[in-house]
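Since we're looking at a predicted model, the values are computed, not measured.
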Amino acid sequence: QVQLVESGGGLVQAGGSLRLSCAASGSIASINVMGWYRQTAGKQRELVAQIRPGGTTNYADSVKGRFTISSDNAKKSVYLQMNSLKPEDTAVYYCHGIVELTARSGYEYSYWGQGTQVTVSS
């Protein structure tokens, strides 16, 4: 059973910083992509940032220059450092992983964390 567990959300004033963490557990052979999405009420979940094992990253335009995604492959963890937070960053943030359960099988599985609330006050 693969699980993704997030931590680090909370309430912060505009201009402040938060760091989100996500740790994957279970029988994982390889992690192909890990990332963060966010969702507000009535809107679709949107990609915030992704990272691949080689270190390749991509970010939503709205967070470029403010957010930094990083990972620790040995710990099967991904982090999101969020700086210069704005009220419009308020959302539930979800960790997402695309993994292989069997080495070099080519079969990928998608998993989500339970979400962590980030609230930025003005």
Side-chain angles (χ1 to χ4, degrees):
Q1 182 79 1
V2 174
Q3 287 188 316
L4 301 181
V5 179
E6 302 114 332
S7 60
L11 173 64
V12 66
Q13 287 190 329
S17 298
L18 281 175
R19 185 174 188 248
L20 305 183
S21 299
C22 172
S25 63
S27 184
I28 298 171
S30 65
I31 297 175
N32 294 346
V33 182
M34 287 195 83
W36 293 93
Y37 287 71
R38 65 187 181 187
Q39 188 172 25
T40 55
K43 292 189 177 181
Q44 283 192 327
R45 197 170 293 188
E46 63 174 4
L47 174 67
V48 177
Q50 282 183 325
I51 187 167
R52 298 181 183 274
T56 303
T57 58
N58 63 290
Y59 295 90
D61 288 343
S62 59
V63 307
K64 283 180 181 176
R66 300 188 299 121
F67 291 11
T68 302
I69 190 170
S70 61
S71 64
D72 184 331
N73 294 332
K75 294 183 178 179
K76 298 179 183 176
S77 295
V78 64
Y79 311 96
L80 187 67
Q81 178 66 43
M82 304 185 292
N83 299 328
S84 302
L85 282 160
K86 304 175 180 180
E88 51 263 44
D89 294 318
T90 296
V92 178
Y93 284 70
Y94 294 91
C95 179
H96 177 248
I98 299 176
V99 308
E100 291 185 36
L101 304 182
T102 302
R104 297 180 297 279
S105 68
Y107 291 99
E108 296 182 322
Y109 297 85
S110 174
Y111 293 93
W112 293 92
Q114 79 284 358
T116 184
Q117 177 70 47
V118 171
T119 302
V120 184
S121 63
S122 57

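Interatomic distance, Q117 CD to L11 CG, rounded to the nearest 0.5 Å: 9.5 Å. Rounded to the nearest 0.5 angstrom, S122 OG and Q13 CD are separated by 9.5 Å. A distance of 6.5 Å separates CD in Q50 from CD1 in I98, rounded to the nearest 0.5 Å. Here the straight-line distance linking atom CD of Q44 with atom CD of E46 works out to 10.0 Å at 0.5 Å rounding. Annotation: the span from R104 atom CZ to T102 atom OG1 amounts to 10.5 Å, rounded to 0.5 Å.
Of all heavy-atom pairs between Q114 and V5, the closest is OE1-CA, 4.0 Å. Residues N83 and S17 share a closest heavy-atom pair of OD1-OG, 2.9 Å.
Atom CZ of R45 has more than 12 neighbouring heavy atoms from other residues, nucleotides or ligands inside a 6.0 Å radius.
No single ILVMFWY cluster, assembled from side-chain heavy atoms under 4.5 Å apart, contains both Y79 and Y94. Connection of Y109 to V2 is established within a shared hydrophobic cluster, with ILVMFWY side chains joined at heavy-atom distances below 4.5 Å, either directly or through further cluster members.
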Pair up each side-chain donor or acceptor in residues 18-35 with any protein partner under 3.5 Å, not counting sequence neighbours, and list the distances.
| residue | atom | partner | partner atom | Å |
| --- | --- | --- | --- | --- |
| N32 | ND2 | E100 | OE2 | 3.2 |
| N32 | ND2 | E108 | OE2 | 2.7 |

Please list, one pair per line, the donor and acceptor atoms closer than 3.5 Å that link side chains of residues 59-70 to other protein atoms, with sequence neighbours excluded.
| residue | atom | partner | partner atom | Å |
| --- | --- | --- | --- | --- |
| Y59 | OH | I69 | N | 2.9 |
| D61 | OD1 | K64 | NZ | 3.1 |
| S62 | OG | R38 | NH2 | 3.3 |
| R66 | NH1 | S84 | O | 2.9 |
| R66 | NH1 | D89 | OD2 | 2.7 |
| R66 | NH2 | S62 | O | 2.9 |
| R66 | NH2 | D89 | OD1 | 3.0 |
| R66 | NH2 | D89 | OD2 | 3.4 |

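Among residues at least two apart or in separate chains, ring pair (Phe, Tyr, Trp, His ring centres under 6.0 Å) pairs with a member in residues 10-51 are Y37-H96, Y37-W112.
No donor-acceptor pair closer than 3.5 Å links the side chain of T57 to the backbone N or O of I51.
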